[in-house]
2 protein chains.
Amino acid sequence: MAYRHTPERQARDRAQREHVLQLALALVVEGGFASLTMQRLAKAADMATGSLYRHFAGKGELAAEVFCLASQREVEALQEVLATDGSALQRLRAGIERFARRAWDSRQLAWALIAEPVDPQVEEQRLRYREAYAELFAGVLREGEQHGEFRVSHPHLVAACMVGAISEVLVGPLSPQARAQRSEAQVEDDLQQVRSTLIHFCLGALAS
Amino acid sequence: MAYRHTPERQARDRAQREHVLQLALALVVEGGFASLTMQRLAKAADMATGSLYRHFAGKGELAAEVFCLASQREVEALQEVLATDGSALQRLRAGIERFARRAWDSRQLAWALIAEPVDPQVEEQRLRYREAYAELFAGVLREGEQHGEFRVSHPHLVAACMVGAISEVLVGPLSPQARAQRSEAQVEDDLQQVRSTLIHFCLGALAS
DNA sequence: GCAAGAAGTGAATCAGGATTCATACTTTCA
DNA sequence: TGAAAGTATGAATCCTGATTCACTTCTTGC
C-alpha cells in the first residue's frame with residue numbers, strides 16, 4: 001500500500017500532456033508535420049522520448065491530436081463569423097474572408113493543415129475537418145435558402161465546393177516553394193486578388 | 001572491342017523501361033502509391049530490384065514518372081473536350097463533366113492523383129498538374145471573355161477555384177473509406193448530384 | 001569461340017525514425 | 001524511515017522499405 005494517484009499528480013500529468021501538445025503544435029507551426037519527430041519533441045519538452053509514451057499511445061495519435069488542436073481553432077474562428085447577424089450572403093462572405101485571412105497570416109500552419117503530405121492517421125483528421133468546415137458553410141447555405149435569399153439544391157455539396165475552391169486557390173501561394181519566391185509586398189497583393197476572386201466565385205452562383 | 005550499344009539493345013532498354021512504367025502504373029491504379037514498392041514492382045516485372053535502378057535513379061523519380069504518365073492522360077482528355085467547337089461556357093461545362101466522369105470511373109487512380117498522401121517528389125508533380133488543369137480552364141475563360149460571353153478578372157485564379165471545387169467534391173466520395181460504405185447504385189446517383197452541383201457552382205459565377 | 005564489357009541478380013546493408021525496456025529515480029504512506 | 005509502487009531515462013532495438021554491390025550471366029565484335 002503505497003503511492004496512490006493523488007489529485008495533484010493527476011493534475012500535473014494533465015498539465016504536462018497539455019504542455020507537450022502545445023510544444024508539438026509549435027513544431028508544426030514552425031516546420032510542418034515533417035518536423036514533428038519524437039526525438040525533437042522530447043528535446044523541446046526536456047524529457048526522454050520514452051516519457052512521451054506515457055501520454056500518447058504513439059506518434060500517430062500525437063500527430064492527430066496536434067492536427068485537431070490546430071483545426072479546432074479554425075473551426076471555431078469560422079463558426080464565430082458565420083454566427084454573426086446579417087444575411088446569409090454577408091456571413092458567407094465574411095467566413096470566406098476570415099478563412100483566407102487566417103491562412104495567409106500563418107502560412108506554414110495553413111499549408112500543414114491543408115496540403116502537407118501527412119501520415120494516414122492525420123489524413124483521417126484532415127478529412128474530418130474539411131467536412132466540418134463544409135458543414136458550417138452548409139448550415140449558412142440552408143439558412144439563406146430558408147429565408148429565401150437564394151436557392152441551393154445540395155447545400156452540402158456546394159459547401160464542399162467552397163472549401164475546395166478556397167483551399168486550392170490558397171495552396172499554390174502557400175506552398176513552401178511558392179513562398180520562397182515572392183516578396184512580402186507581392187504576397188499582400190496576392191491576398192487581395194485571391195480574396196475578391198473567391199468571393200465572386202463562391203457567391204456568384206448563389207446570386208443567379 | 002566488345003559490347004557496344006547497338007540500336008537493338010537501346011530499343012530493348014527503352015521498351016523495358018516503358019514496360020516497367022506501365023506495370024508501376026498498374027500497381028498504382030490497383031492500390032494507390034502506397035502499394036508501389038520496389039520489391040513488388042520488381043516481382044511484377046519479373047526482374048531483380050537492383051535492375052530497376054538501371055532505368056530509374058530511385059524510387060522518387062520512378063513514382064514521379066508514374067504520376068506524370070497518369071496525369072498526362074487526364075490533361076489530354078481535358079484538352080480534347082475543351083478544344084471542341086461551341087461557346088466557352090459549353091466547353092467549360094463539358095470539361096467539368098469529363099473530369100468528374102473520368103475520376104468517377106477510376107476512383108482508386110483518381111484518389112491517388114488527387115488526394116493520396118505521397119512523397120515530396122510526387123507531390124511536386126501533383127502541384128504542377130493541378131496548375132496544368134487550371135491553365136487549361138483559364139485558357140477557355142480568357143476566350144470566353146474575349147468573345148464577350150462573360151467577364152472574369154483573374155482567369156488564372158478562377159480556374160484554380162474550379163480545380164479545387166472539382167477535386168474537393170470528388171475527394172470525399174472517392175476516398176477509400178467512403179467507397180467501402182456505398183453501393184454501386186448509390187455511387188452513380190452521387191455522381192449525378194456532384195455533376196450538376198459542380199456545373200452550377202463553377203459556371204454560376206460567370207453567368208452573373 | 002572467346003575475351004571484354006554490359007546487364008542482371010538478390011541477399012545484405014543502410015537509413016531514419018518510432019518504440020521498447022532494463023535501470024535509476026520519486027513519491028507515497030504506514 | 002523504508003518498502004511499495006509509479007515515473008523517467010535514453011541507448012539499444014525494431015521496422016519498413018530503399019539502395020547497394022560482389023558476383024553471375026549475357027552480348028558483342030573480332
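Naming: A, B, ... by sequence-line order, numbering from 1 per chain.
- Rounded to an integer number of Å, the gap from CE of B:Met47 to C1' of C:dG8 is 9 Å.
- For A:Glu65, the side chain to side chain donor-acceptor pair (under 3.5 Å) criterion is met by A:Arg17, not counting sequence neighbours.
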Expected string for nucleotides 14-20 of chain C under the B/S/- scheme (protein heavy atoms, under 4.0 Å, primed atoms plus P, OP1, OP2 as sugar-phosphate) is ---SBBB

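- Atom NZ in B:Lys43 sits about 14 Å away from atom C1' in C:dA11, given to the nearest Å.
- Here C:dC21 presents its P atom at 17 Å from CG of A:Leu52, a figure rounded to the nearest Å.
- For the pair B:Leu41 CG and C:dG8 C1', the interatomic distance rounds to 15 Å; values are reported in whole Å.
- In this structure, A:Asp46 atom CG and D:dT9 atom C1' are separated by 12 Å, rounded to whole Å.
- In this entry the distance linking NE2 of B:His55 with P of D:dT19 reads 16 Å, nearest Å.
- Atom CD of B:Gln16 is separated from atom C1' of C:dT9 by 13 Å (rounded to the nearest Å).
- Open room surrounds CZ on B:Arg93; 12 or fewer heavy atoms of other groups in view lie less than 6.0 Å from it.
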Exercise answer: donor-acceptor pairs, residues 46-58 of chain B side-chain atoms, under 3.5 Å, sequence neighbours excluded:
| from | atom 1 | to | atom 2 | distance (Å) |
| --- | --- | --- | --- | --- |
| B:Arg54 | NH2 | B:Asp13 | OD2 | 3.0 |
| B:His55 | NE2 | B:Gln16 | OE1 | 3.2 |

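- Shown here are the side chain to side chain donor-acceptor pair (under 3.5 Å) partners of A:Glu18, two or more places apart in sequence or in another chain: A:Gln22.
- The nearest heavy atom of DNA chain C to A:Ser51 and to A:Arg12 marks one nucleotide each, and the one closer to the 5' end goes with A:Ser51.
- Applying the salt bridge (charged side-chain N to carboxylate O under 4.0 Å, His left out) test to residues at least two apart or on different chains, the pairs with a partner in residues 185-194 of chain B are B:Arg101-B:Glu188, B:Arg182-B:Asp190.
- Under the rule for a ring pair (Phe, Tyr, Trp, His ring centres under 6.0 Å), B:Phe137 has no partner lying at least two apart in sequence or in another chain.
- Note: CZ (B:Phe56) to P (C:dG8) measures 13 Å, nearest angstrom.
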